[in-house]
> 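Encoded as C-alpha cells, here's the structure I'll be asking about.
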Amino acid sequence: MRPAFSVIFFSVLSGAGYGLLACAALAALIGPQCVPPDCSRTVPPLDVQAPFLAAVVLVALALVIAGLGASTTHLGRPERAWRAFSQWRSSWLSREGVSAVASLVAATAFVALLWIGGTGLATQLAAVASALLAAVTVFCTARIYTSLPPIPAWRGPLVLPGFFLFAATTGLALWVASTRILIGSAPPFASMSLLVFALAAAAIKWRYWREVDAIAMPGTARMTGLDQIGEARSFEAPHTEANYLTREMGFRFARRHARVLRAAVLAALVAVAAIAVLALLQPGFSPVAPDSPFPATRGDDALAAVGAALLVIAALLSLMAAGVERWLFFAEARHMVMAYYEG
Amino acid sequence: MTSLPPPTSRKLGLVIDLDTCVGCHACAVACKQWNDGGAAGPLADIDPQGAEPDGVWFNRVHSYTVDRAAGSLHSGSTCSSGASHDGGHASINATGGAAAVNPQTASRTPMTVHFPRSCLHCETPACVTVCPTGASYKRADDGIVLVDAEKCIGCQLCAWACPYGAREVGPVLRTMQKCTLCVDRIYDERLPVREREPACVQACPTRARHFGDLGDPASAVSQLVAERGGYALAPELGYAPVNRYLPPRARRDGTGSGAAVPRLDAASTTRPTQDEPPYDISSLPPILRWLERALTR
Amino acid sequence: IEWDEAMDLATSWLKPIRERNPDELAFFTGRDQSQALTGWWAQQFGTVNYAAHGGFCSVNMAAGGLYSIGGSFWEFGEPDWAHTKYLMLWGVAEDHDSNPIKLGLGQLKARGAKIVASNPLRTGYGAIADEWVPIRPGTDGLLALALVHELLRNDRVDLEYLVRYTNAHWLVIRAPGTADDGLFVRDAEGRPLCAVGRTTHDAVRFAFAGAPEISPAIVGEYTLPDGRIAVPVFHLIAERYLDPACSPDAVAERCGVSADTIRRLAGELASVAFDQAISLPIAWTDAHGREHAEMRGRPVAMHAMRGISAHSNGFHTCRALHLLQLILGAVDTPGSFRFQPPYPKPIPPPNRPGKSRDALGRLDAMPLGFVHSPADLLVTDDGTPRRIDHAFSWAYPFAAHGMLHTVIRNACARDPYPIDTLFLFMANMSWNSSMATNDTQGWLTERDEATGEYRIPHIIYSDAFDSEMVAFADLVLPDTTYLERYDAISLLDRPISDADGAADAIRQPVFAPDRDVRAFQSVLLDLGARLGLPGMVHADGSPAYRDFADFMVRHERAPGIGLLAGWRGAEGEAEGRGAPNPAQLDRYAENDCFWHAALPAAARYYKMANRGYLDWAATMGFLPAGSDAIALQLYSEPLQKFRLAAQGHGALQPPDALRARVATHFDPLPFWYEPFEGAELAALGDPDPATRLDASCARQVAPGHGHPVHDVRRVAPVARQVRPYPLSAITQRPMFMYHSWGSQNAWLRQIATRNFLYVHPATARSLGLADGDEAMLESHWGAVQVPVAFVDNVEPNTVWTWNAIGKRAGAWALDRDSPEVRRGFMLNALIADVLPRTPLANADPVTGQAAWFDLRVRLRPLTGPERAQDDADRRTIVASEKGA
Ligand SMILES: Nc1nc2c(c(=O)[nH]1)N[C@H]1C(S)=C(S)[C@@H](COP(=O)(O)OP(=O)(O)OC[C@H]3O[C@@H](n4cnc5c(=O)[nH]c(N)nc54)[C@H](O)[C@@H]3O)O[C@H]1N2
Ligand SMILES: Nc1nc2c(c(=O)[nH]1)N[C@H]1C(S)=C(S)[C@@H](COP(=O)(O)OP(=O)(O)OC[C@H]3O[C@@H](n4cnc5c(=O)[nH]c(N)nc54)[C@H](O)[C@@H]3O)O[C@H]1N2
Ligand code: SF4
Ligand code: SF4
Ligand code: SF4
Ligand code: SF4
Ligand code: SF4
Ligand SMILES: [Mo]
C-alpha cells in the first residue's frame, strides 16, 4: 500500500496526542497517590499541577487536531468531511471520526476545567472521558485497518496492540519529557511505563514483521480462478503505465531497505527504553522544583539539562519510530488486487 | 446507506466467458465511453498527451498465460502427442545464444486467457460497510453496488476494501468511481428493450459478456452459469460476488481430454464418395489407384 | 499557406509533368478506401506510377487467391460461421473484418466448433482456439503441403468436387523443353480439354473440360491426337505431394510441429469434411442448368492473413492453403470458406494493368491490374521496369497492388528513372509503413551531390493528423477525418459485402471541421479540374464535379456502374446497375448509410458454378452476362507461362540475371521455399559490409542481378548451420489500436503507450537475459534497444512485439517525453527493404509483397556503455549502428 504521508502523520500524531491526553487525564485522576517513593512530597497536588496539565492537554489537542487536519488532506473532498460521521453503525472510519470529535469535546472540557482551576468531580469526569475516548479513538483507528480483508498484513492480531503501544509509547515519551521539563521531575511510574511500552512495542513489531513476512498472498491463479487450470502468469496488464490501483495498492520497495528501516524502529524504541531507565534512575531536577529529593541531580544544572534533553530526544525518537513504523505498516502491506498484475 | 441491505432476491450482474474473450478491450472502451458521458462520469483523463497518461476505467482487461497443470481438466494426461518443438531448437546456436527448449515443457502448450475485471456487485462486500459516509451502498432491490458521488468524501477506504480492484478515484471528481452496472442504461425506458443492457455487454464482439439476474435460477445467465460451471472470484474472501466467470473450456488439442476428433487412419476406410469400394492404400502404386475412379461432372 | 496557394503550387508542379511525361508523378495512396477515385484519377492523369497499400499489406493473399480460386481470404471471403465445425486460422491476429470475425468466433465457440490457430504465438483469436499450432515463421507452406500429402496418401480427397469445380482433370502438356510444356491442352476454340472414357482402354477421348455429364480421368498419361503427351492436373498434384519430401516426418522439424500432430490434424480435417459432411435443404441450379435438391457441404473452414502473406514465400503458401481447401472440397460450400460478392471473379480477373496513353494522355486501363502473361508486364524491351516501384516487372510480375514499399528508395535512386513529384496519401511512409525506416527518412531528404537539389524534388502529402510523414513533405494537404467528410466504401474498391449478399456504404459528415482542412477526395477532384484532366472538366474547362459527394453520385465507371451500387436509377429503383440517382445519398442516409442486397438463398453457395449466383452477379455488373462456371485453378497456367519465358520460350523473356528466379518461383503448383532473408543469411552469412547496400539509395544496384536460387522444387529443409541471426522477429496488431494513429487517442494511450519484446523464457535465459531487462535486438540491417518481457505463449525461436507503438519525437502532438517516444520501439528500422545479398526488394518474387515477417534477428544483453545510455537515445543507437 502506498504510504500516504497524510495518513501516516495523522495516525502518528493523533496516536501521540491521545497517548499524551491519556497520561494527563490519568495524572489528573491519580497523580497525587502514585509517584513512589514518597508521593506526597514529590508530586504537587492537582491544583498545583493544573496549569501544567492544561498545557499538556493543549499540546495533546494540538497533536490530535494536526493529525486530523493532515488526514483530511487525504480526502478527495475534505469539505464534505462532516459526512463521515453518519455511518458509525457500520464503519470504523466513521466511528473513529465520531470518537475523535467526542474526544476533542471531552479534552476541551477537561482543559477548560483545568484552566478555571477546577479540581472537582467535573474535572475528574472530563479526565475520565478524555482518557476513554482517546483509547476508543485509537481502537477505531486500528480497527479501520483490521477490517480490510484484502490486506492480510493488517488483519493480524498484533495490529490492534501495535496501534495502542505506539500511541502509549509516544504519548508517554512526551509526557515524561514534559513533566521533566515543566515540573522538574519525571514521575517514575511514567518512566517505568515508558520503558515497558517501548520494549513491548518493539517486541510486538518484531513479532508482527515475522508474521507479515510469512503471509502467503493469494496468487494470480487464485484471484482469477484460473487455478482450476494451472499456474497463471501475467502476460499483459490492462495498461502499460501506472494507474490508481498500481500506485495506491502496488507500492513496492526493496526488502533490504525494509530491513534497515525495521532495525531503525527497533533501535529507536530500545533507545527510548534506555532513556526511560535513565529517567527512572534520575527522575529529575529542575528550577521549578528545587527541593527535589533525588540527590543525583540536586543542584547540578548541567546534568539536569542533559537529562531533560535526553527525554526530549526520547520523545522525538519515539515519534520517529512511530512514523517509520507506520510508513512500513503501509509500505509492506500488500493488497490482494496486485495479484491481478503481478506474478 | 453503508449497512448492507437484507439479501436481495434480484441479483443483477455480469457473466463473463473466459473461453470466448479475445481480449480486444472493446468492452473497456465502450464502458469508458458510456460512463464518461453518463451519470457516473466524467471519467478523468490525466496527462492525455504526456509522459504519464492515466485515467479512470470501470472495466479493465488483463491477459494471462496459463500453464496447464498435468491432470487438469484442460489437458490430457498424455502429453506426448501435443504440438511440440521437437528438436528444432537446435537451429538456435551459440552465435545468437542457444535456446535449449525443454521439449517436456513445450509439449503441453500454454494457454492464453484474457480476463476482464470490473465490479462484481458482491452480496456482502466490505467496500460498502467500511464507507464512513454512506456514499458506497448496495441497492436493496437489485443488488447493484453504487457510489453516491454527492456524498463521497474520497477517503478511498472502499477501494482498499475491494479485493478485486473495482474502484478508482480520479483527479476530476475526486470521489470514488466504479462500475454502475450501467444502471443508467438498463432501466432507461427511452432505450429500445434490446439496448437496455450494459454498454460493455452490447459492445463485446465475441458475445463473451452476458447480463442478467443471477438471483433467478431460471434466468438465461443463471442457466449459462449452471451449464458451464461459472464461478465467483475468490469466494473465500467472503464478499459473495454476484458476477460469474465461465472457465475456459477443455481444449481439444490432442493432449487428451475433450471430445476428440477421430484420427485420419482410424477413419480412412470411409472415403468421401461412399458409393465405391475402399482402396487398399498399400496395394496399388499410389497414383494409379485413382485410375479407375469413375467421376462425373 | 492558404488553400488557394497550395492548390496553385500543386498545379504548378503537376501541370508540366503531365505535359512532359505523366510517369514523373508517382501517386501512392495508403490504407484508404478511395481507390475507386484515386486509381481512376491516376489513369486520367496518365501515370503508370500509381498504387495503393496492398503491395506491402497482403497482396499475397489477394493474388494467391485470385490466381487460384477467383476470390481470396483477406476481407473478400469468410468462413461459413453458421455451419462450420472446424476452423483453421493461419497467421491471423485481427484482420480487416475484425468485428465480423470476432462475432463469428463467438458463434463457433457457442456451437462447440473446433478452432485451430497456426501461429508462432498465442494471443487474441489464438487464445480462444482449441488448439494452438506453434509454427515457426514462414513454414506454413510446409505444414499445408504435408496435410495435403496425408490426405492424398489416405485417399481422403473430394474428387467429385475437384472435377466439378476445379481444373483437376484438365490436361497439361508434358513436353519438357518445348514452348508449350506445362500449358493446358486446348481445343481449336482455346477451351481446355480433359480425357474421358475408360482410361485403361483405347476408348479414351478428349472433351471440353467444362462440359457437364462427362466422366473425366484425373490420373494417367495420355497421348494426344497430335502425339504429344498430357497428364491431368490432379496427376501432377498427386505426383508432387505424395513425395516423401512432403510427408509430416520430413517437415516436422523445420515447422516445429510434430509429425504426429500433423497427421492428427489431417485426420481431423478429413473426418470433419467427409465423415461429418453437412447438407442444407436448399434446392439450386448449377451453371449447366442441372437442378440439385440440396447443398452438400464440407464443414471445414480456413482463414489466413498476414502471417502467411508477409513472407517472401507467401504467394505460394497462400496457394498451398487453397489447394488444401480444394482437395477437401471446402470452398464455397456450406460450412466452408465462402466468397463474398463480387467474388468469385474469372481467374485471374480480366483487368490488366494500364500500359499506354491515348491522345488525351489517359492510360488505357487503370494502372493496377492482373498480369496474365509476360505480354502484360510493364517493362521496356530490355526488361527494365517501367514503373518506379518495379511492380509488374520480371522481378515481381504479379504485383497486382503495386509496391509502395519500394517507391521511396527507387525515387531517390532514380531507378529506373527520375520522378519529379511523389504524391502520398494516408500512408505514414516515413515511419510505421516503411521498411528500413531510418534510411527511408534519409532518402526522403537526400540531395543530389552534384546539384544540391533534393533527389525527390517534390513531395506532396495528405494526412489528417500530425504523423511522422508530415514533416517530410514539401506540401501538406490537411485532410478531414472520416467524421467530417463523405466517403464511399465502394464495391469497386474494397467491398464490405458478406457471403450472403453484396454491400456498400457511405460515410457522411457528422460534424463540420473546426480547422482549415479539406476532404482529400474533393481536393483531388479540384486538382484534376485545375489540371484539366479528362473526365474531371466540362468542355468549357469548368470542374465536372462539385466535390466528392457529387462524384459518388454522378460518376459512371461503365454505363450504369458507379461508386455506389444501391438506389441507382432515376427513382432509386435499381441495384448494381442503373442511371445515377440524384437522391442516392439521401437514400443511403435513410438506411444507416448502408446498402445490402441479399443473395437469393439458392445463390449463396457454390457461387463459382451456381447459375443463380452467376446470373445475379451479371445483373449487378460483377460478371459478364451468361458467364460460365468459373473453374478453380489448382494448377495455374499464367505462372507456367512465366516459367516458360524464363526457360527461353517466347518473344518476351526475363533478363538473364532473373531467369532462374522466375523459372523457380513461377511454379504452376504451390511449393515451399525458405524465406529469402533467412535463407541468404544462412547460406551466405552476414552481409559483407563492403558490398552491402548502405543507407544511400543511390548505391542501389540496378535490378537484373541474379537471385541465388534455392533448391525449391523439393520441400527440403535448408541445411542446419551456424546462423548469425537465429531468431525470427514478427509483429502483431494490437486489437485496440489502429496502426500509428491509435496513439493520438487519449483513451487508447491509457491502455498502451509502450511495447515490449516478448521472448520465450527458455530462449531469453539462454541468452543471459532476465525478465524486464533491456537488450539489443539486431538484424543484418539495424539494431534497436528493447525491453524484454518473458512469455511462454510463443514459439521459442520467435520473438515479437506489437506493431506501430513507438513514435517519433514531435509527431502526433505527443509530449517529447511520452513513453511512445522514449520507450516504445518499432521493428521497422530493422526490416531491410532489400535482401541481404541480392539487390532486390525484400519481397515475394511473384507478387512483390513486402516480406515484413521474414525478419531474422539476434538478441543480446546490453554491454556496459550501452546500458549507460539514456533511453531517449534509443533511436540514436539504431542510427549509429547502421552507419557503422
Ligand atoms: N513492422 C511492421 N510494419 C508494418 C506492418 C507490420 O505488420 N509490421 N504492417 C504493414 C501494413 S499491412 C500496413 S497496412 C501498414 C500501415 O501503415 P500506414 O498505412 O502508414 O498506417 P497508418 O498508421 O494507419 O497511417 C496512415 C496515415 O494516414 C493518416 N490518416 C488517418 N486518417 C486519415 C484520413 O482520413 N485522411 C488522410 N489523408 N490521412 C489519414 C494517419 O494519420 C497516418 O499518418 O503498415 C505496414 N507496416
Ligand atoms: N486493431 C487493428 N485491426 C487492424 C489493423 C490495425 O492496425 N489494428 N490493421 C488492419 C490492416 S492494414 C491489416 S493488413 C490487417 C492485418 O491483419 P492480420 O493479418 O491479422 O495482422 P497481423 O497483426 O499482421 O497478424 C499477423 C499474424 O500472423 C502471425 N504470424 C507471423 N508470421 C507467421 C507465420 O509464418 N505463420 C503463421 N501461421 N503466423 C504468422 C503473427 O503472429 C500474427 O498473429 O489488420 C487490419 N485490422
Ligand atoms: S467487486 Fe469490489 S467494489 Fe464491487 S462490490 Fe465487490 S468489493 Fe465492492
Ligand atoms: S471513498 Fe467515498 S465511497 Fe469510498 S469509502 Fe470513502 S466516502 Fe465511501
Ligand atoms: S456494466 Fe456498465 S459500468 Fe459496468 S463495466 Fe460494463 S459498461 Fe462499465
Ligand atoms: S469486449 Fe468481449 S472479447 Fe473484447 S475484451 Fe471485452 S469481454 Fe473480451
Ligand atoms: S476500426 Fe472500424 S471497421 Fe475496424 S473493427 Fe473497428 S469499427 Fe470495425
Ligand atoms: Mo494492411
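All chains are named by letter (A, B, ...) in the order of the sequence lines, taking the proteins before the strands, and each is independently numbered beginning at 1. Since we're looking at a predicted model, the values are computed, not measured.
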> With a 4.5 Å cut-off on side-chain heavy atoms, are C/Trp747 and B/Gln33 touching?
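The answer is yes; the side chains approach within 4.5 Å.
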
> What residue in C/Val163, C/Val116, C/Leu748, C/Val791 has the most heavy-atom pairs under 4.5 Å with chain B?
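The residue among C/Val163, C/Val116, C/Leu748, C/Val791 with the greatest pair count is C/Val163.
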
> Report yes if the side chains of B/Phe211 and B/Cys200 come closer than 4.5 Å at any heavy-atom pair, otherwise no.
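No, their side chains stay 4.5 Å or more apart.
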
> Please flag which part of C/Thr753 lies under 4.5 Å from any non-hydrogen atom of chain B: side chain, backbone, both or neither.
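For C/Thr753, side-chain heavy atoms alone lie under 4.5 Å from chain B.
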
> Could you check which of C/Ala209, C/Cys255, C/Pro100, C/Pro232 has the highest count of heavy-atom pairs closer than 4.5 Å to chain B?
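Heavy-atom pair counts peak at C/Ala209.
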
> Side chain, backbone, both or neither: which part of C/Ile135 has an atom under 4.5 Å from a heavy atom of chain B?
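Looking at C/Ile135, nothing touches chain B.
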
> Just by distance, no angles: are the side chains of B/Arg60 and B/Ser118 close enough, under 3.5 Å, to form a donor-acceptor pair?
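No, no side-chain donor-acceptor contact under 3.5 Å.
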
> Does C/Glu94 form a salt bridge (Lys or Arg N to Asp or Glu O under 4.0 Å) with C/Lys102? I'd like the steps, not just the answer.
CA-CA 9 Å; C/Glu94 175 74 345; C/Lys102 291 188 191 95; 3.2 Å; yes

> Between atom CD1 of C/Ile115 and atom NZ of C/Lys109, what is the distance when rounded to the nearest 0.5 Å?
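The NZ atom of C/Lys109 is 5.5 Å from CD1 of C/Ile115, to the nearest 0.5 Å.
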
> Checking C/Phe234 against chain B: side chain, backbone, both or neither under 4.5 Å from a heavy atom?
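For C/Phe234, side-chain heavy atoms alone lie under 4.5 Å from chain B.
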
> I'd like to know which of C/Leu242, C/Asp815, C/Val857 tops the heavy-atom pair count under 4.5 Å against chain B.
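Going by pairs under 4.5 Å, I would pick C/Asp815.
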
> Between C/Ala746, C/Ser215, C/Ala129, which shows the greatest number of heavy-atom pairs under 4.5 Å with chain B?
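Most heavy-atom pairs within the cutoff with chain B belong to C/Ser215.
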
> Measure distances from C/Glu239 to the heavy atoms of chain B and classify the residue's part below 4.5 Å as side chain, backbone, both or neither.
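It is both, since atoms from each part get that close.
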
> Given C/Glu268, which of C/Arg263, C/Lys114, C/Arg156 fulfils the salt bridge (Lys or Arg N to Asp or Glu O under 4.0 Å) condition?
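That would be C/Lys114; it is the only one of C/Arg263, C/Lys114, C/Arg156 passing the salt bridge (Lys or Arg N to Asp or Glu O under 4.0 Å) with C/Glu268.
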
> I'd like to check B/Ser63 versus C/Thr123 (side-chain heavy atoms, cut-off strictly below 4.5 Å). Are they in contact?
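Result no, sub-4.5 Å side-chain heavy-atom pair not found.
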
> For a quick check under 3.5 Å, do B/Thr65 and C/Asp792 share a side-chain donor-acceptor pair by atom type?
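The criterion, which ignores hydrogens and geometry beyond distance, is satisfied for C/Asp792 and B/Thr65.
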
> Looking at B/Asp47, B/Val61, B/Asp19, B/Asp17, which has the largest count of heavy-atom pairs under 4.5 Å with chain C?
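Looking at each of B/Asp47, B/Val61, B/Asp19, B/Asp17 in turn, B/Asp19 comes out on top.
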
> Is chain B contacted by the side chain of C/Ala211, its backbone, both, or neither, given a heavy-atom distance below 4.5 Å?
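It is the backbone, since no side chain atom gets that close.
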
> Please identify, among B/Gly50, B/Gly23, B/Ala28, the residue contributing the most non-hydrogen atom pairs under 4.5 Å to chain C.
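Among the listed options, the one with the most contacts to chain C is B/Gly50.
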
> Let me know if B/Cys21 has heavy atoms under 4.5 Å from chain C in its side chain, its backbone, both or neither.
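Contact with chain C: backbone only.
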
> Among C/Met735, C/His169, C/Glu213, C/Gln750, who wins on heavy-atom pairs under 4.5 Å with chain B?
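Between C/Met735, C/His169, C/Glu213, C/Gln750, the count favours C/Gln750.
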
> Just by distance, no angles: are the side chains of B/Arg68 and B/Thr109 close enough, under 3.5 Å, to form a donor-acceptor pair?
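Present: a donor and an acceptor within the cut-off.
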
> So what's closer than 4.5 Å to chain B heavy atoms on C/Arg290: side chain, backbone, both or neither?
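C/Arg290 touches chain B through side-chain heavy atoms alone.
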
> Counting heavy-atom pairs under 4.5 Å to chain C, which of B/Arg297, B/Gln49, B/Glu52, B/His114 comes out on top?
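Among the listed options, the one with the most contacts to chain C is B/Arg297.
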
> Against chain B, label C/Leu814 side chain, backbone, both or neither, depending on which of its atoms sit under 4.5 Å from a heavy atom there.
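Contact with chain B involves both backbone and side-chain atoms of C/Leu814.
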
> Let me know if C/Ala273 has heavy atoms under 4.5 Å from chain B in its side chain, its backbone, both or neither.
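Neither part.
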
> State plainly whether the residues C/Arg136 and C/Glu795 are in salt-bridge range, i.e. N to O under 4.0 Å.
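Yes, charged N to carboxylate O under 4.0 Å.
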
> For the interface with chain B, which of C/Phe736, C/Tyr125, C/Trp812, C/Tyr161 has the highest count of heavy-atom pairs at distances below 4.5 Å?
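Result: the option with the highest number of such pairs is C/Phe736.
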
> Please lay out, stage by stage, how C/Arg296 and C/Glu160 fare under the test salt bridge (Lys or Arg N to Asp or Glu O under 4.0 Å).
CA-CA 12 Å; C/Arg296 293 218 270 155; C/Glu160 295 283 350; over 6 Å; no

